[in-house]
Structures are given as C-alpha cells and as structure tokens.
Protein chains: 2
Amino acid sequence: MALLDAEGADRLTMRRLAERLGTGSTTLYWHVKTKDDVLDLALDAIFAEVGIPPKSDEGWRADVTALINGWRAVLLRHSWSAALLSRPMLGPNVLARTEFLYATLLEAGVVEPRLTAAAYGLSNYVIGSGLMQATWPADAERDVRSAAREYLDANRERYPALAAHGPLVVEGDWDAGFALGLTWLLDGIEAGIAGAGGAARA
Amino acid sequence: MALLDAEGADRLTMRRLAERLGTGSTTLYWHVKTKDDVLDLALDAIFAEVGIPPKSDEGWRADVTALINGWRAVLLRHSWSAALLSRPMLGPNVLARTEFLYATLLEAGVVEPRLTAAAYGLSNYVIGSGLMQATWPADAERDVRSAAREYLDANRERYPALAAHGPLVVEGDWDAGFALGLTWLLDGIEAGIAGAGGAARA
DNA sequence: ACCTGAACACCGTTCAAGT
DNA sequence: ACCTGAACACCGTTCAAGT
C-alpha cells in the first residue's frame, strides 16, 4: 500500500513490490497466487483504516451518513483505489461495512424492494463519487484542465450550458455536493419507511 | 471495440489490435500517440451508440430519466467500460451528454449549489451502478458467487443481516433497484426547485 | 516450509529505414 | 504521408532446484 500510495496503481509491479520487500519477484508467488490477489487484498485493506462507526443514538440517518462518509474518505485518501474499483469487493473489511449498512437499514424499518435499492443506491453513489473525484484532472494536471476548458470555450455554441455552468467553470465544492446528493437519497429512503406515503409508489 | 466487446479490457493489446487490423503493431503509433489514447477513444465511442434523447414534452424528469437510462444501457452493454471508468471522460460524446444534462436541469429551474450536486449526483449514480453491476460476478463465474455465499453462511454470526438479506441471497432486480434510487435523486432535485421547501435546506 | 534463478511468452514504445 | 522491422526495457508467471 505504501507503494500504491506513492506511485499509483499502474506502477505496482510484482518485481517492484518484491524489491521493496527485499526479495526476488518470484518469491511472492509462494505467498500469493497472482497479482490480482495482491490488488484485491490492497483494495480491501484500505477499509480497515477507517472504523465502522459505533451505533449512535442519533438515529439511522446519522449512522448511515457516518458510514458513507468514512467510505468516501478512504477512497479519496487512496486515489489508486479508483483504478481497482472494477473488481468485486468481497474482502472481509468491505463485507463488514456492507453488513453494518444492511443492519442499520433493517433496523430503521426499510424492507424489500427498497432495502436492496437503498443499499445499492448508497454504495453506488459513494463509489461513483469517489471514482469521479479521484479521476478528475488534479492540480498536477492543470494543463489537461485548461485544455478542456479552452475546448469548451472554443465550442461555446455546441456546449452552451456546460461552457456557462459546467464543472470546469464552477469550482466544485466536492464535499457539499456529495452531502446534498446523499441527503436526497436518504430522504427517499426515509419516505419509504413504514407506509409513509412513498411506500405506495413501489 | 469489437476486440474489447469480445475479450475484455485487459486482453486489448497494441499487438493484438494491430493484428486484427492487418498491420504491424508499431504502425498504430502513427495514428495514435499511446495506448491510453486508444482506451480514451473507445470509452467515448460507446456513447455515440445511444442517442441523446430528444427533448420531450413530458417534462424534465422524463428527459433526464431517458438520458440516464441510455447512459446506463451503454455501460452495461460494454462491460469492459467498467475497467476504463477510472479515466476522465472528456470525449465529445460524453460532453454532449453532459451538456444535455446541464441544459435540462437549468431549464427545469435548478440553480447552484443544487445544479452541480444534481449533475454530479446523477452521473455518479449511473457510473457507480454500471460499475457495480458489470463488476458483479456474472453467471460465468458462478463459482465465485457460491464461494462468497458459503463464506457468508459459514460466518453467519458475523454477518447476520447480510446472510439473511444480502445481495447474494436476494436475487437482485437490477433494473427496478436502479429506477428506485433514480427516483429518490429526482425527488430530491425537484424538491429544491424554485423555493419549493427543500431550497431552504441548502 | 520457504526462497532462488533461469527461463518463457508476452508487453508498450522508439526509431531508423523504407515507400 | 504512411508503413515496416529490429530493438529496448520492461512485464506476469512457472518450475526445477535449493535450504
């Protein structure tokens, strides 16, 4: 993970990893079956960093929010994780978080078909957001940003809304935007609990 | 793209692509600067497949829904795209879709800070959902599924909620779940339009 | 039980050279 | 303007052999 944090996902090589560990590259294959295993382990490992929030007494929304924000923080702290998100996350640390999510929603009274939709919706939203933010041209690649900006300006009549209001012009407040979308999802989930109006819709 | 559809992202090789095209691999470098360029082009290209929906007269929700569903369909049809989602999508086809999204939301009366949150929220949700579904052990890997299932059963006391209600036991209806979450987001966005209650919250 | 070296079948990319 | 071949510096992985 030190290697990943320092140099990113595609610079992780069995040979480089072995060197870092002070062995030959082929030695690794005694401990691990394949490089994919290493990546799966690394992806799961980051979730051990941020604890599962203790069940608070502020209600399920606070608990879910804490979980999701922790999830997001971990994805953003290790931006290489974005490149690995295209593999199933079935490690114990991820499962523990998913368990907490399901348990909290169940306890709040969310039932099928909204339970699955809620769990997936929340997960998909964090994953997508983390991916998007980690992917977005960082300060390091200011030239990519400004190139895209110029392209938009040059084609202003083709992309009027984007050129005037797009993410490249409005400096995004990632945290606030994320929180707002999360609120919408939680509102929707809440509206479906215990026959409260929204239940009829499903 | 035929190569990608047939064999997936990590089987795409400059050498194999060249062979498919009936040339030497080094010839490709006259037309393209690097392999990453090829991937960027491929990722943008899939969006040309499904048109931008015509502006209907059923209101902005219908228009946004059509756009998002088309977006999702394209991601699912080309499951290799999941592996490429970790690169910024700045191709013309993606930009055209983002333009439509911004324009539709603006016209509906969504303003900052909800505009950015809405555009990102919707995008992140599709991307996350597409990634999750494309990533999820397919029928082909039924053994991975059942292995995970057995692991959950064996650790039933550690993952009680997952073992009883988790995605591995409840056969997910992806489409319905996706639609439900999308509804929640749209409800939240709608509630914020033109001082309608929700505006005060932001 | 763990480590090593040599080796295989690949990669992306460059570059001088051809037409 | 476009294509080719040879070559460089890498990959992941296997496997016989060591301790």
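A note on names: the letters A, B, ... follow the listed sequences, proteins ahead of strands, and every chain is numbered from 1.
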Give a yes or no answer on whether the side chain of Arg156(A) reaches the backbone of Leu152(A) with a donor-acceptor pair at less than 3.5 Å.
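It does not hold such a pair.
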What is the separation between atom [atom1] on [X] and atom [atom2] on [N], rounded to the nearest whole Å?
| X | N | atom1 | atom2 | value |
| --- | --- | --- | --- | --- |
| Asp37(B) | dG12(C) | CG | P | 14 Å |
| Trp30(B) | dC15(C) | CH2 | C1' | 13 Å |
| Asp10(A) | dC11(D) | CG | P | 11 Å |
| Lys33(B) | dT14(C) | NZ | C1' | 14 Å |
| Glu19(A) | dC10(D) | CD | C1' | 13 Å |

Pairing partner of dC10(C) (Watson-Crick or G-U wobble, both distances under 3.5 Å):
none
Please name the nucleotide paired to dG5(D) by Watson-Crick or G-U wobble geometry with both distances under 3.5 Å, or report none.
dC15(C)
Report yes if some heavy atom in the side chain of Tyr120(A) is under 4.5 Å from a heavy atom in the side chain of Pro167(B); otherwise report no.
yes
Find out whether Leu75(B) and Leu85(B) are in side-chain contact, i.e. whether some heavy atom of one side chain is under 4.5 Å from a heavy atom of the other.
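In contact.
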Closest of dT14(C), dG5(C), dG12(D) to the Lys35(A) side chain is dG12(D)
What's the closest nucleotide to the Thr23(B) side chain, out of dC3(D), dT13(D), dT13(C)?
dC3(D)
Residue pair Leu90(A) / Leu95(A): nearest heavy atoms and the distance that separates them
O-CD1, 3.7 Å
Need one value for [X]: base, sugar-phosphate or nothing, where a base atom within 4.0 Å counts as base even if backbone is also close, heavy atoms only.
| X | answer |
| --- | --- |
| Arg16(B) | sugar-phosphate |
| Thr13(A) | sugar-phosphate |
| Thr27(B) | base |

Compute the centroid of each ring, for Tyr159(B) and then for Tyr102(A), and state whether the two points are separated by less than 6.0 Å.
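Here the rings of Tyr102(A) and Tyr159(B) have centres that are no less than 6.0 Å from each other.
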Leu12(A) or Arg15(B), whichever maps to the more 5' nucleotide of DNA chain D
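Per heavy-atom nearest nucleotide, the more 5' residue is Arg15(B).
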Can you tell me if the side-chain N/O atoms of His31(A) get under 4.0 Å from OP1 or OP2 in dC3(C)?
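The answer is yes; a side-chain N or O of His31(A) sits under 4.0 Å from OP1 or OP2.
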